[in-house]
K.L.:
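Have a look at this one before I ask anything.
Numbers here are sequence positions counted from 1. None of the values given here were measured: they were computed from a predicted structure.
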Amino acid sequence: MHQLDGRQRLFRMTDSDQNQAHANDSDLPISPAAKAHARELERPPESPSAGLLPAPMSIDSVLPNLSEYALVIDARSPHEFADDHIPGAVNLPVVNDEEFAQVGIAYKSDTHAAYLIGAQFALRNIAEHIKELISSFSSDSRILVYCYRGGRRSRAWAAPLQAIGYETDVLTGGWKTYRQAVLAGLDGLPRNFKFRVVAGPTGSGKTLLLAELKRLGEQVLDLEGVAAHRGSVLGAEPGREQPTQKLFDGNIFWMLRQFDPNRLVWIEDESKKIGRLHLPTALYAAMLDAPRVRVSATLDERVALLLGQYRGLVDQPANLVEHLAALKASVGHIEIELWSSLIALGKFDEFVHRLLEHHYDPSYERGYRRELHRARSQLEVQMRPTSSSDITTVAKSLIAGAS
């Protein structure tokens with residue numbers, strides 16, 4: 001039995017590891033019964049003394065010093081890593097999703113065989129990772145390892161790294177404590193900053209203005225950039241998938257941590273959702289209460305800007321018409337049919353004019369009137385969004401006025 005515990009220590013994940021890894025893994029070839037067996041297989045040993053391990057590092061110690069690590073290893077499965085991970089981490093799984101499924105299935109009929117299979121997977125995977133990546137790091141490199149909660153998979157990685165001679169730290173509590181830090185940070189951090197919200201109708205150049213403010217050295221929280229979405233029914237960015245909610249949360253948390261609370265943070269006016277992602281509650285509340293800059297532009301300028309920004313949709317008329325179907329409830333089928341006809345005839349200028357006048361502008365004005373009473377103050381600026389020099393001029397004037 002003592003030998004069996006040794007093999008367990010080498011590759012097993014905790015019960016919570018397995019629950020997290022496979023919460024939504026319907027594609028894996030493993031039945032619910034096999035998953036239950038696999039969870040039993042991963043039950044932690046009664047004694048934690050599985051050998052010499054590096055000193056554990058708390059999340060409060062890791063976050064301020066993350067840049068000191070030459071490598072951050074996420075030892076969890078690819079599925080877990082894709083759902084969320086510490087920024088900059090590299091996924092080097094001890095046992096991947098498919099392999100773990102095989103271990104769970106084997107456990108139903110032969111526990112000993114399941115341990116043997118799992119140990120082989122773990123040893124082979126770690127050896128391959130060492131050969132392909134770890135060997136490229138110098139002997140004085142400092143490495144951080146984490147799994148779901150700092151248990152078996154972290155141990156499986158930390159032992160060989162330490163034996164090789166690397167300075168190796170294990171994150172106490174693993175990804176679970178990182179997620180807790182993210183949620184706590186998103187609840188508290190927004191209260192530490194002075195935000196300035198850049199508002200304005202669709203096509204007024206808000207995103208371009210924020211980019212220029214950032215280029216000029218200002219602190220900018222680009223929510224649409226983090227969300228990979230422009231925040232409207234046509235806002236999906238071609239070739240880019242939106243991140244998961246957890247990754248979105250983590251990236252916002254990380255950006256806020258880099259900001260100086262003594263300086264202004266510029267942010268674009270957004271609704272509670274960007275695409276399918278929800279803004280953190282405390283951040284959204286802070287945005288509603290912050291002073292605003294309302295950017296205005298002529299209708300022709302806005303149309304010209306949007307035709308350039310949405311070129312990917314314009315070049316694919318069928319996809320454009322399909323996207324517009326989602327607006328049928330708000331504008332009616334007659335307007336949708338008219339838009340479709342204009343698109344079919346290649347009259348994109350006229351189509352965008354009508355899209356702004358009959359959908360985006362009325363929607364914006366409704367939201368603007370609802371939230372205006374909460375804003376502490378508002379500055380009105382006129383800008384030509386197709387003119388880079390005009391955008392720069394406006395950005396500089398805003399910086400001067402805010403100082």
K.L.:
Would R124 and E99 satisfy salt bridge (Lys or Arg N to Asp or Glu O under 4.0 Å), going step by step from the backbone distance to the final call?
P.N.:
CA-CA 12 Å; R124 184 180 65 208; E99 292 165 346; 3.6 Å; yes
K.L.:
Verify side-chain hydrogen bond (donor to acceptor under 3.5 Å, both in side chains) between S141 and S138, making sure each step is shown before the conclusion.
P.N.:
CA-CA 6 Å; S141 297; S138 61; 3.3 Å; yes
K.L.:
Taking atom CG of L345 as the centre, report whether more than 12 heavy atoms of other residues, nucleotides or ligands fall under 6.0 Å from it.
P.N.:
yes
K.L.:
Among I336, L355, L338, which residue meets the side-chain contact (heavy atoms from CB on, under 4.5 Å) test with V331?
P.N.:
I336
K.L.:
Would you please name every residue forming a side-chain contact (heavy atoms from CB on, under 4.5 Å) with L183, sequence neighbours left out?
P.N.:
R179
K.L.:
From the options V303, L306, L320, select the one residue that forms a side-chain contact (heavy atoms from CB on, under 4.5 Å) with F348.
P.N.:
L320
K.L.:
Identify, with sequence neighbours excluded, every residue that meets salt bridge (charged side-chain N to carboxylate O under 4.0 Å, His left out) alongside D300.
P.N.:
none
K.L.:
Would a 4.5 Å heavy-atom cut-off, applied to side chains only, mark L92 and V145 as touching?
P.N.:
no
K.L.:
Could you go step by step and tell me if M287 and L283 meet the side-chain contact (heavy atoms from CB on, under 4.5 Å) rule?
P.N.:
CA-CA 6 Å; M287 291 167 59; L283 177 62; 4.1 Å; yes
K.L.:
After noting the C-alpha distance and the side-chain angles of E224 and K206, does the key distance pass the salt bridge (Lys or Arg N to Asp or Glu O under 4.0 Å) rule?
P.N.:
CA-CA 11 Å; E224 292 186 359; K206 302 183 295 293; over 6 Å; no
K.L.:
Side chains of V72 and Y146: does their closest heavy-atom pair fall under 4.5 Å?
P.N.:
yes
K.L.:
Under the rule for ring pair (Phe, Tyr, Trp, His ring centres under 6.0 Å), what residues qualify as partners of F81, not counting sequence neighbours?
P.N.:
H85
K.L.:
Checking P87 now: which residues fulfil side-chain contact (heavy atoms from CB on, under 4.5 Å) with it, not counting sequence neighbours?
P.N.:
Y178, W254
K.L.:
Whether the side chain of D390 engages the backbone of R384 through a donor-acceptor N/O pair (distance < 3.5 Å, no angle test) should be reported.
P.N.:
yes
K.L.:
Side chains of R302 and D361: closer than 4.5 Å at any heavy-atom pair?
P.N.:
yes
K.L.:
With a 4.5 Å cut-off on side-chain heavy atoms, are L161 and I73 touching?
P.N.:
yes
K.L.:
Please check: side-chain N/O of Q120 versus main-chain N/O of L116, any donor-acceptor pairing under 3.5 Å?
P.N.:
yes
K.L.:
Output all residues satisfying side-chain contact (heavy atoms from CB on, under 4.5 Å) with E337, sequence neighbours left out; order by chain, then residue number.
P.N.:
H333
K.L.:
Could you check R215 against E212 for salt bridge (Lys or Arg N to Asp or Glu O under 4.0 Å), going step by step and ending with a plain yes or no?
P.N.:
CA-CA 5 Å; R215 189 188 71 82; E212 183 64 9; 2.7 Å; yes
K.L.:
Could you give all pairs that pass the salt bridge (Lys or Arg N to Asp or Glu O under 4.0 Å) test and reach residues 59-75, with sequence neighbours left out?
P.N.:
E68-R142, D74-R76
K.L.:
Is there side-chain contact between Q180 and T177, with heavy atoms separated by less than 4.5 Å?
P.N.:
yes
K.L.:
Taking the side chain from E301 and the backbone from T298, do they hold a donor-acceptor pair closer than 3.5 Å?
P.N.:
no
K.L.:
Check E218 with R196, please: is the shortest side-chain N to carboxylate O separation under 4.0 Å?
P.N.:
no
K.L.:
Run the numbers on Y166 and I134 for side-chain contact (heavy atoms from CB on, under 4.5 Å), then give the verdict.
P.N.:
CA-CA 10 Å; Y166 291 113; I134 304 301; 3.5 Å; yes
K.L.:
Taking atom CD of E380 as the centre, report whether more than 12 heavy atoms of other residues, nucleotides or ligands fall under 6.0 Å from it.
P.N.:
yes
K.L.:
Per the side-chain contact (heavy atoms from CB on, under 4.5 Å) rule, which among L247, L277, N251 passes with V226?
P.N.:
N251
K.L.:
Using side-chain heavy atoms (C-beta onward) and a distance below 4.5 Å, is F253 in contact with L63?
P.N.:
yes
K.L.:
Hey, are the side chains of E80 and W175 touching, using non-hydrogen atoms and a 4.5 Å cut-off?
P.N.:
no
K.L.:
Does Q245, at its CD atom, have more than 12 non-hydrogen atoms belonging to other residues, nucleotides or ligands within less than 6.0 Å?
P.N.:
yes
K.L.:
Which of parallel (below 30°), tilted (30 to 60°) and perpendicular (above 60°) describes H129 and W157?
P.N.:
parallel
K.L.:
Using modelled atom types only, decide if a donor and an acceptor are shared between the side chain of S363 and the backbone of Y360 within a distance under 3.5 Å.
P.N.:
no
